[in-house]
Structures are given as structure tokens and as C-alpha cells.
Amino acid sequence: MANHSSSTHSKFLQHHFVDAEQQFDSAKMGMWVFLVTEILFFGGLFAAYIVYRLWYPELFTLASEELNTLWGGVNTVVLIGSSLTVAMAIKSAQLNQKKNIAINLGITLALAAVFMVIKYFEWTHKFHLGIFPGEFYAFEGIDHPKANVFFSLYYLMTGLHGIHVVIGIGLMIWLLLRSMKGHFDSEYYTPVEITGLYWHLVDIIWIFLFPLFYLID
């Protein structure tokens, strides 16, 4: 655990905490509670996916061929890389390397943007083909009466994941601006570590989504 004991009088210490270490532990516990609720939320969606896949196994295999495995794989590498750079930002803070905190956060932000750009082109291409969710589905390339089920789940789960990425981008911008002002160092980097936990969850969720939708065989 990080050493925050010497920052008892830090300007970032909230008045209702005894010291910086208590503030750090409270923030970390709060984030873990939040992450558990997120896991339960996505767990329900994964359960729905499993049920529908058991009902329509041929459809899921057929429909997954309409997804671009290459770009899905690129996005997987991009997110794993962003998790690495966020971890490096935390490590830089622990080592009091202020410049490297901003650099690693900036790279994380850029990788997150790349992920969303690729996802944008994936979605727009499908819309162009008439692959919409639910009753708006108009694609005739899949010979199955329930073809819209797969893509409704695809848009729902990857869309919710995308919203989490956008939230993460906002948090990264906030952290980057604060790091450029010199707010983070070895004595205080709680926001960087807490946001890092959130970003790792975003990464892990995608690691499950990618094989479920793109690599069905």
C-alpha cells in the first residue's frame, strides 16, 4: 500500500478524515464496492447472452461472422495497452516522477480514443448494411428469423461498455489536467489509483466481450 502517512497536512486531505492514509483506504474501498456492483450488472447481461446462445447456437455462430475479428482484436490490444499505461502512471506517481504521470495518462487517453474511433467505424458500417437492433433490423444476409437477437445483445453490451470507456476518457482528461498542475506525487495519487481500478475493469469486461461476440466457433 502506498505511503501516505507523511501527507497528513496535505492540501488534498479532506477535513473528515484523520489522515491521508485513511482517506486513501476509504476511497479505495468505495471504488471496490462500486466495481462489485458493475460486475453484478454486467454479470446479468452475460447470463442473458448465455441463455440466448443456448437457445440459438447456430444463429450466434452465423451472426458472429458479420463482426470484424481483426478490428475487434486490435481494440483488445489497444485496451490492454491502455491498462498497462495506467499502471505505469500509478507507478510513476509512487516514484514521484511527475512528468511521467502526465505522459502515461496522455497515452492512456489516446488509446481510449483509438478504441472508440474503431468502434464508431464498426457500428456505422453495420448500420450501413441495415444491421440495427431489435425491430429495426433490416439486414437480409443472415438466413435466420431471430437474427436481430444476436445484434441486439451486441449493441446493448458493447454500447454499455462504450459508455464506460467514454466516462473513463472524461476521468483521464481530469487526471491529466491535474497532473499537469503538479497535483500528484508520491504522497498523494489517490485519484490516479482509483481511476486505474475503474479502467482495469473496463479492460476486463472487453476481454470477455471480444471472444463471446467475435470468436464464436
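Model, not experiment: these values are computed from the prediction.
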Practice prompt. Can you sort out the partners of Asn96 under side-chain hydrogen bond (donor to acceptor under 3.5 Å, both in side chains), two or more places apart, ordered by chain and number?
Written response: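 Partners of Asn96 by the side-chain hydrogen bond (donor to acceptor under 3.5 Å, both in side chains) criterion come out as none, since no residue qualifies.
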
[atom1] of [X] to [atom2] of [Y]: how many Å apart, nearest 0.5 Å?
X: Ile90; Y: Met88; atom1: CD1; atom2: CE; answer: 11.5 Å
X: Ser152; Y: Ile131; atom1: OG; atom2: CD1; answer: 11.5 Å
X: Leu171; Y: Leu176; atom1: CG; atom2: CG; answer: 12.5 Å
X: Leu45; Y: Ile50; atom1: CG; atom2: CD1; answer: 11.0 Å

What residues, two or more places apart in sequence or in another chain, satisfy side chain to side chain contact (heavy atoms under 4.5 Å, CB included) together with [X]?
X: Leu177; result: Ile173
X: Leu70; result: Asn68, Val74
X: Ile163; result: Leu160, Ile167

Contact summary for [X] and [Y], nearest pair of heavy atoms:
X: Ala93; Y: Tyr189; value: CB-CB, 3.5 Å
X: Val165; Y: Ala112; value: CG1-O, 4.2 Å
X: Ala113; Y: Ile169; value: N-CD1, 4.3 Å
X: Ser92; Y: Asn104; value: OG-ND2, 3.4 Å
X: Thr85; Y: Ile107; value: CG2-CG2, 3.6 Å

Worksheet item: After noting the C-alpha distance and the side-chain angles of Phe115 and Ile118, does the key distance pass the side-chain contact (heavy atoms from CB on, under 4.5 Å) rule?
Response: CA-CA 5 Å; Phe115 179 91; Ile118 291 175; over 6 Å; no

Fill in: Side-chain donor/acceptor of Ser64 to backbone N/O of Thr61, under 3.5 Å
yes

Worksheet entry | Hydrophobic cluster (4.5 angstrom, side-chain heavy atoms) - remaining members for Phe121 | Val117, Tyr120

Worksheet item: Are Val33 and Phe41 linked, directly or through other ILVMFWY residues, by side chains that come within less than 4.5 angstrom of each other?
Response: no

Worksheet item: Can you hop from Val77 to Leu111 via hydrophobic side chains spaced under 4.5 Å?
Response: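 No: no chain of side-chain contacts under 4.5 Å links Val77 to Leu111.
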
Worksheet entry | Residues Lys126, Glu66: salt bridge by 4.0 Å N-O rule |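 A salt bridge is absent here (no side-chain N lies under 4.0 Å from a carboxylate O).
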
Worksheet entry | Exceeds 12 heavy-atom contacts within 6.0 angstrom, atom NE2 of His125 |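 No.
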
Worksheet item: What do you reckon, is CE of Met31 surrounded by more than 12 foreign heavy atoms closer than 6.0 Å?
Response: yes

Discussion item. Test: salt bridge (charged side-chain N to carboxylate O under 4.0 Å, His left out). Region: residues 150-173. Which pairs qualify, not counting sequence neighbours?
Written reply: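 Found none.
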
Fill in: Residue pairs involving residues 86-105 (criterion salt bridge (charged side-chain N to carboxylate O under 4.0 Å, His left out); sequence neighbours excluded)
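Of all non-adjacent pairs touching residues 86-105, none passes salt bridge (charged side-chain N to carboxylate O under 4.0 Å, His left out).
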
Fill in: Residue pairs involving residues 155-179 (criterion side-chain hydrogen bond (donor to acceptor under 3.5 Å, both in side chains); sequence neighbours excluded)
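Residue pairs passing side-chain hydrogen bond (donor to acceptor under 3.5 Å, both in side chains), neighbours aside: Glu38-His164, Arg178-His183.
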
Check: residues 134-142 side-chain donor-acceptor pairs under 3.5 Å, at least two apart:
none

Worksheet item: With ring centroids as reference points, do Tyr56 and Phe150 lie under 6.0 angstrom apart?
Response: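 Tyr56 vs Phe150: aromatic centres not under 6.0 Å.
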
List the atom pairs, donor and acceptor, that lie under 3.5 Å between side-chain atoms in residues 199-215 and the rest of the protein, sequence neighbours left out.
{"unit_1": "Trp199", "atom_1": "NE1", "unit_2": "Ser82", "atom_2": "OG", "d": "2.7"}
{"unit_1": "His200", "atom_1": "ND1", "unit_2": "Ser83", "atom_2": "OG", "d": "3.1"}
{"unit_1": "Asp203", "atom_1": "OD2", "unit_2": "Ser83", "atom_2": "OG", "d": "2.9"}
{"unit_1": "Trp206", "atom_1": "NE1", "unit_2": "Thr76", "atom_2": "OG1", "d": "3.0"}
{"unit_1": "Tyr214", "atom_1": "OH", "unit_2": "Lys119", "atom_2": "NZ", "d": "2.9"}
{"unit_1": "Tyr214", "atom_1": "OH", "unit_2": "Glu122", "atom_2": "OE1", "d": "3.2"}
{"unit_1": "Tyr214", "atom_1": "OH", "unit_2": "Glu122", "atom_2": "OE2", "d": "2.9"}

Fill in: ring pair (Phe, Tyr, Trp, His ring centres under 6.0 Å) against Trp71, all qualifying residues, sequence neighbours excluded
none

